[in-house]
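Have a look at the structure below before the remarks.
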Amino acid sequence: MEDMIKKIVDADNEAKAMEELALKEKEELDKKIDEDIKNIYDKRMREALETVKRNDAQEEKQAEKRLEEIRGKQKSAHIKLQSDYERNCDKWVDAIVRRTLD
């Protein structure tokens, strides 16, 4: 009978030891999973930031190009308007005066 009780106690102790070991393994796995999650998140964030920087640089270049195109068009329009003014100034003044006096 004592042998039977000893076997039960030993089995219980062994089960407790196995449970403790399983809990420690679970904690270690949980820590590793958390660490892996953090590493993956950090990696993805670094990649996203690099992509944003590249895109910002490309967008900046495109914006500069569009701005130069707009400035060129404005300059052309200004030159044309200035030329029209110089050619037609006297005629326009005469037309305005004539309409005012009539």
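Side-chain atoms are counted along with the backbone in the values below, which use heavy atoms only and exclude waters and symmetry mates.
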### Partner residues of Arg98 under the side chain to side chain contact (heavy atoms under 4.5 Å, CB included) criterion, sequence neighbours left out
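Expected list: Asp94, Ala95, Asp102.
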### side chain to side chain contact (heavy atoms under 4.5 Å, CB included) against Glu50, all qualifying residues, sequence neighbours excluded
Arg54
Using a 6.0 Å cut-off, check whether atom [atom1] of [X] has over 12 heavy atoms from anything other than its own residue.
X     : atom1 : answer
Gln62 : CD    : yes
Glu19 : CD    : no
Arg99 : CZ    : no

Could you grab the distance from atom [atom1] of [X] to atom [atom2] of [Y], nearest 0.5 Å is fine?
X     : Y     : atom1 : atom2 : result
Arg46 : Arg44 : CZ    : CZ    : 10.5 Å
Thr51 : Asp56 : OG1   : CG    : 10.5 Å
Asp84 : Glu86 : CG    : CD    : 9.5 Å
Ile70 : Glu68 : CD1   : CD    : 10.0 Å
Asp34 : Asn39 : CG    : CG    : 11.0 Å

### Query
Is it true that Asp12 and Lys16 have a side-chain N and a carboxylate O under 4.0 angstrom from each other?
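Looking at Lys16 together with Asp12, the answer is yes, because their closest N to O distance falls below 4.0 Å.
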### Task
Look at Arg66 together with Glu69 and state whether they make a salt bridge at an N to O cut-off of under 4.0 Å.
no
Using atom types as modelled, flag every donor-acceptor pair under 3.5 Å from a side chain in residues 24-32 to any protein atom, sequence neighbours excluded.
unit_1 : atom_1 : unit_2 : atom_2 : d
Lys26  : NZ     : Asp30  : OD2    : 2.9
Lys32  : NZ     : Asp36  : OD1    : 3.4
Lys32  : NZ     : Asp36  : OD2    : 3.3

### Message
Which heavy atom of Tyr85 sits nearest to which heavy atom of Trp92, and what is that distance?
### Response
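That closest heavy-atom pairing would be CA-CZ3, 3.8 Å.
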